[in-house]
Amino acid sequence: MEFLLKADLKCSGRVSEAVSASEIEELVKHCNIELLKKGAPPGCGAEIVGCKVAGEKIGLNIVSDRFIRAHDALLRLKNEFAKFLGQHRIGIRGMEIEDYEIAMEWEEGLEIKKLPFVREIKHEEGRIKLFLDVDEFSLEKRIPDRIIRLLADKREAARWKGKKEHWELLFESNKKRFFFDKDPTEELIKRDWIKHAAGRGQWIYGPQLTKIFRAFERVLFDNLLKPLGYEEMIFPKFVPWAVWKRSGHAKGIYPEAYYVCTPKTRDPEFWEEVMDYYKVTNEIPLNMIKERIEPVGGMCYAQCPPFWVFLQGKIIPDETLPIKIFDRSGTSHRYESGGLHGIERLDEFHRVEIVWIGKKEHVIEHAKQLREKYRRIFEEFLDIEWREAWVTPWFMAQEGKAGMAELKEIGTIDYEAILPYSGKWLEFQNVSVNGDKYPKGFSVKLQSGEDLWSGCSGVGLERWAAAFLAQKGLEQDKWPAKFRSAVGELPEVFRFL
Ligand code: ATP
Ligand code: ZN
Ligand code: MG
């Protein structure tokens, strides 16, 4: 890695008149030998290769390697020069960054077109060259370091995409008897058990399917949540930016988020034009509205992040562990674009989110207990054909930590069921061990100082229904007896002429 930085120190007086050229030369020499080498291996570090005094400005040309990055060198120099100039009653008012060029080795074929705070990007023979557009403030905020880190993440993500083995079979159930070979959504529509709602990927679930969803929840409660000691909570369903910054979703959620906006003011006068426009046209004036609202976050995406605010900044006594809670209080929303399909892939869906918190070994061990309970439910109640696969969780792939998942301590297990009508496997839930990600992100500590870990598991009710009905059909007499009795009689409320 190479850094070339051209910057001016702006001083409060005419340096050229107060200080002699040989004094400056002496200072530069001293900096090059000591200050800019401190902390680097022998022969490495930064160096001033040019220093020019003109009136109130001192122009510096700095080159460096990865050990003392040139912007760090410049910040060191600013202090050193301030000390020196202070003796001549001259202060440093600020810095101007003229040019900042960073070059490093780069993957052939991986093209980066745009980066924040970068004016121009050049790719040449296994190298990438960045021409930064930064000021003093962005150097102090360590923007160049973050850009370098971002590039490393992009490289890791690209390598990861190229690999196929981030899906690994862990368990597969026996073959099961299927009683249906059609798309269950179509059959549900035909029977008026569901109807597509007014929104994208949004459905209205009639009394029958709602009763089936509630039976899923009850089976889950009686056979997993209760025996494992879970308590219910109600998590918020609007998620402000502050939560997604801490949960890490702020790094990549944008293409899938359902955004939430608030009015810039609730003054009716501010909105009068919008109301009037609608009254005379019967059209919603989207552009007028856009000018009057503020994006404040999004709708529930992953369900557990907004819960963590409950623990934010707290110290937890060790003896209260493990903590086991769940939420089923509302919808989740994702913009699935063209991927929408029946009740299998929705923009609005219902999920039970299970969260457990404890010390590392316990969190890993508890995931095993959950897996055993799930296995029993799928065998005894649903009798479906399903499998478990080890996959790398979203945040590790996104943050370039895919390699860490190879340890198999932190990671996600996807549960998939075969859909006889298409021959495809559908993910219907997951079990994730998230390591210390959430406690770290939300500054939650353990009294003993030991690491706090957590895990979560999301049970998609529509996905359970899609998997179960696709294999067993809608005729109750074909369902496993235990599930049939968990559901009870299906209500008939509506008839249409
Ligand atoms: P997929 O790969 O199918 O998009 P995902 O990996 O995005 O799923 P997760 O983020 O792991 O899903 O979400 C946990 C659970 O939430 C899923 O196992 C599924 O039950 C449910 N879920 C996620 N997205 C949807 C959706 N668009 N429609 C219905 N259920 C969903
Ligand atoms: Zn979660
Ligand atoms: Mg998805």
Side-chain angles (χ1 to χ4, degrees), residues 166-167 184-185 194 197 199-203 205 213 216-217 220 233 235-237 239 243-244 246-249 252-253 255-258 299-311 324-328 330-357 363 367 370 374 378 384 386-398 410-417 419 424-435 437-439 441-442 453-468:
H166 59 276
W167 186 97
T185 301
I194 59 172
R200 285 176 43 92
Q202 185 191 45
W203 293 81
Y205 303 100
F213 284 176
F216 287 148
E217 286 186 337
L220 189 70
M233 282 182 73
F235 300 170
K237 293 294 170 285
V239 189
V243 167
W244 280 341
R246 287 182 178 269
S247 69
H249 286 89
I253 199 171
E256 277 189 40
Y258 257 83
M299 291 303 293
C300 166
Y301 177 95
Q303 210 158 333
C304 66
F307 149 75
W308 283 92
V309 175
F310 196 75
L311 301 182
K324 289 171 264 175
I325 44 150
F326 71 99
D327 167 78
R328 48 149 176 192
T331 47
S332 296
H333 300 257
R334 295 183 180 187
Y335 184 72
E336 295 281 2
S337 186
L340 291 176
H341 183 86
I343 62 162
E344 290 162 22
R345 187 171 297 278
L346 303 152
D347 268 21
E348 176 178 293
F349 56 95
H350 298 78
R351 183 173 47 191
V352 182
E353 176 84 348
I354 299 169
V355 180
W356 64 104
I357 303 165
V363 165
L370 279 174
Y374 278 132
F378 303 143
I384 48 170
W386 63 285
R387 66 187 185 189
E388 284 179 2
W390 178 265
V391 293
T392 294
W394 58 274
F395 63 89
M396 297 183 88
Q398 199 170 69
I410 300 176
T412 292
I413 293 166
D414 274 353
Y415 285 69
E416 304 175 347
L419 304 174
K424 289 194 184 129
W425 291 85
L426 175 70
E427 175 193 334
F428 59 91
Q429 66 169 40
N430 71 301
V431 168
S432 296
V433 170
N434 300 321
K437 174 183 178 61
Y438 285 108
F442 289 83
W453 273 40
S454 76
C456 66
S457 171
V459 173
L461 296 180
E462 286 92 345
R463 295 272 175 103
W464 272 35
F468 178 75

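Order of listing sets the numbers, starting from 1, for every ligand and every atom in it.
Only the side chain of E336 comes within contact range of ligand 1, with a heavy atom under 4.0 Å; no backbone atom does. Contact annotation: for F428 versus ligand 1, heavy atoms closer than 4.0 Å belong to the backbone alone. Here R351 has side-chain heavy atoms under 4.0 Å from ligand 1, and that is the only part of it that gets that close.
Taking any N or O of L346, backbone or side chain, at least one lies under 3.5 Å from an N or O belonging to ligand 1.
Considering every non-hydrogen atom in both N434 and C456, the closest pair reads ND2-SG, 3.5 Å. Taking both residues in full, the closest heavy atoms of V431 and Y415 are given as CG2-CE1, 3.7 Å, listed atom of the first, atom of the second, then distance. Across all their heavy atoms, M233 and D327 have their closest contact at O-OD1, 3.5 Å.
When atom types are taken as modelled, the side chain of Q303 and the backbone of R351 share a donor-acceptor pair closer than 3.5 angstrom. Side chain of S454 to main chain of W356: no donor-acceptor pair is present (N/O by atom type, distance under 3.5 Å, no hydrogens or angles). Judged purely by atom type and a 3.5 angstrom limit, R246 uses its side chain to pair as donor or acceptor with the backbone of G441.
Counting atoms of ligand 1 from 1 in the listed order, those under 4.0 Å from a heavy atom of R345 are 1 (P), 3 (O), 4 (O), 27 (N), 28 (N). Per-residue contacts place G460 under 4.0 angstrom from the following atoms of ligand 1 (heavy atoms of the residue considered): 20 (O).
Among R334, E344, H350, E416, the residue whose heavy atom lies nearest to atom 10 (O) of ligand 1 is R334.
For E353, the N, O or S atom with the smallest separation from the Zn ion (ligand 2) is OE2.
The aromatic rings of H350 and Y205 lie perpendicular to each other, with more than 60° between the two planes, well past the 30° mark.
Taking the Zn ion (ligand 2) as the apex, the angle formed with SG of C456 and SG of C304 is 110°, to the nearest 10 degrees.
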